[in-house]
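Contents: one structure, followed by commentary.
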Protein chains: 2
Amino acid sequence: MASRKSRPERRQEPLSRERIVAAAVELLDTVGEGGLTFRALAERLVTGPGAIYWHVTGKTELLAAAIDAVITPVLAGDDTGATPQEAIRALALGVFDAIDAHPWVGTTLAQLPRTPGKSPMLRVFERIGRQVQALHVPEAAQFTAASALLSYILGVAGQNAANTRAARANPDRTAFLDAVATAWRELDPVEYAFTRDVAGQLRAHDDRAEFLAGIDLILAGITAGRADGRTGP
Amino acid sequence: MASRKSRPERRQEPLSRERIVAAAVELLDTVGEGGLTFRALAERLVTGPGAIYWHVTGKTELLAAAIDAVITPVLAGDDTGATPQEAIRALALGVFDAIDAHPWVGTTLAQLPRTPGKSPMLRVFERIGRQVQALHVPEAAQFTAASALLSYILGVAGQNAANTRAARANPDRTAFLDAVATAWRELDPVEYAFTRDVAGQLRAHDDRAEFLAGIDLILAGITAGRADGRTGP
DNA sequence: ACCTGAACACCGTTCAAGT
DNA sequence: ACCTGAACACCGTTCAAGT
């Protein structure tokens, strides 16, 4: 086995936080959350696991950085010329699509605290809040309105990640939805009356449109009548 | 060391799925998600880790069962005599309080697919849907309305779990909120104009009331005008 | 300063062997 | 039928030693 010693095909670039995070995103996209391992990452980067710790404090930070890398481009959009409603819809759809493309983001995003400055969570909150102000929501209700929109987006994100995971086992999407619809229709007619009723709507169902409709529902609630929402005396 | 051999104080009951799940909930409550370990669980139940696998297929099922055990009592409430709005608020608050008491539920709940029958997720969805029907929402919009409410509840659940985790490091709640408010006010005035504006509302802030206000916002959107929500041409 | 890779202290899960 | 506990194949993280 006489192997010619030659310059390797691609030169070994030095390790860097950037390269590590990029490799982590790739790993998460291809093998999912369970696949992100310091050993697997090290192999991809042609080093030992210890080397990664020189650039990153640990797995928590690595995951946060990966999420940041996916969400940041979403926030790059420009809102000038759009109505507040349009801007909110565009932002929400951006987050939705990003999570659709990277399901692992949906799993963890909702678990990020809004507290640290510059966190992707807080940046989305800020963007939403500006549009809420543009809607002329009274000051006292702005926090509530922005929080409600954010919570809804995060909730859908989580559900979507769960659905993607569940659907991945099934090859084709329509077949999967049909299977769920059938299962729903076979539920107990008394205990699950509503679910059975709406089972039929599942087939024609478009996740993206459904998501947007929910956003519009909240926007309608925000702009309708008294914005503090409570119905009490 | 002459130790008298006597009947142990509490008789060793036989292992059962019930006892295992109860111990898991206790473990999750006291040591958090990271603390739920087959070894720790086995120690609490005075057995080896292998014994647990006779009653439970694995960790995923165990966690699902633990969540089920927490959510099921919430669904026991009776809605008779309440308006649909009141019933939805009561249910939502029930879920909120359950997650407040067991933060680990919030972390995982949103990740549960709605697909398997009898899943806690689906049962909450069913309960919400009935009240949506009672609100006389047109059939075509019922799915959207119920999904929106559920997604919002799940989103808040996740955020709440994250906040609880973040706050746990800090001893007292007001001090923690003050610290966050201060941090928010020190953010860049251009990049974080909205967040800085609402920082002041954080101190007086009541998570439960805020959550309910969000529910009311969505309810207002559902009942206001055209229930399919879209504003298009 | 940055990288290496063996070593440590854990995991979930399996399974032969016991009762 | 049910339990035991050693063993397997992993983890994240650390750290002495190298360059």
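Bear in mind that the values here come from a model prediction, so they are computed numbers and not experimental data. Each chain gets a letter, A, B and so on, in the order its sequence line appears, and its residues count up from 1.
Rounded to an integer number of Å, the gap from B:Leu27 CG to C:dG12 P is 11 Å. C:dC10 atom P lies 12 Å from atom CD of B:Glu43, rounded to whole Å. Nucleotide D:dG12 holds its C1' atom 19 Å from the NE2 atom of A:His55, rounded to whole Å. When the C1' atom of D:dC3 is taken as reference, atom OH of B:Tyr53 falls 15 Å away, rounded to whole Å. Per the geometry, CG belonging to B:Leu41 stands 10 Å off P belonging to C:dG12, to the nearest Å. Rounded to whole angstrom, the span from the CZ atom of A:Phe38 across to the P atom of D:dG12 amounts to 7 Å. Distance, B:Arg19 CZ to D:dC2 C1': 14 Å, rounded to whole Å.
Looking at heavy-atom distances under 4.0 Å, B:Leu36 makes contact with sugar-phosphate atoms alone, never a base. Residue A:Leu62 is classed as having no contact, given no heavy-atom separation below 4.0 Å to the nucleic acid.
The pair A:Glu191-A:Arg196 fails the salt-bridge criterion, with no side-chain N (NZ, NE, NH1 or NH2) lying under 4.0 Å from an Asp/Glu carboxylate O.
Pair assignment for C:dT13 gives D:dA7, based on Watson-Crick or G-U wobble hydrogen-bonding distances that are each under 3.5 Å. As the counterpart of D:dC2, C:dG18 is assigned, both hydrogen-bonding distances of the Watson-Crick or G-U wobble pattern falling under 3.5 Å.
The distance from the CG atom of A:Asp97 to the CZ atom of A:Arg208 is 4.5 Å, given to the nearest 0.5 Å.
By the 30° and 60° cut-offs, the orientation of the rings of B:Trp184 relative to A:Phe143 is tilted.
Remark: A:Trp54 is in phosphate contact with C:dC2, judged by side-chain N or O atoms under 4.0 Å from OP1 or OP2.
Residues A:Arg39 and B:Ala51 each lie close to DNA chain D; by heavy-atom proximity, the contact nearer the 5' end of the strand is made by B:Ala51.
Ranking D:dG5, C:dC3, C:dG12 by closeness to the A:Leu15 side chain, first place goes to C:dC3.
Between B:Tyr152 and A:Tyr152, the gap from one ring centroid to the other reaches at least 6.0 Å.
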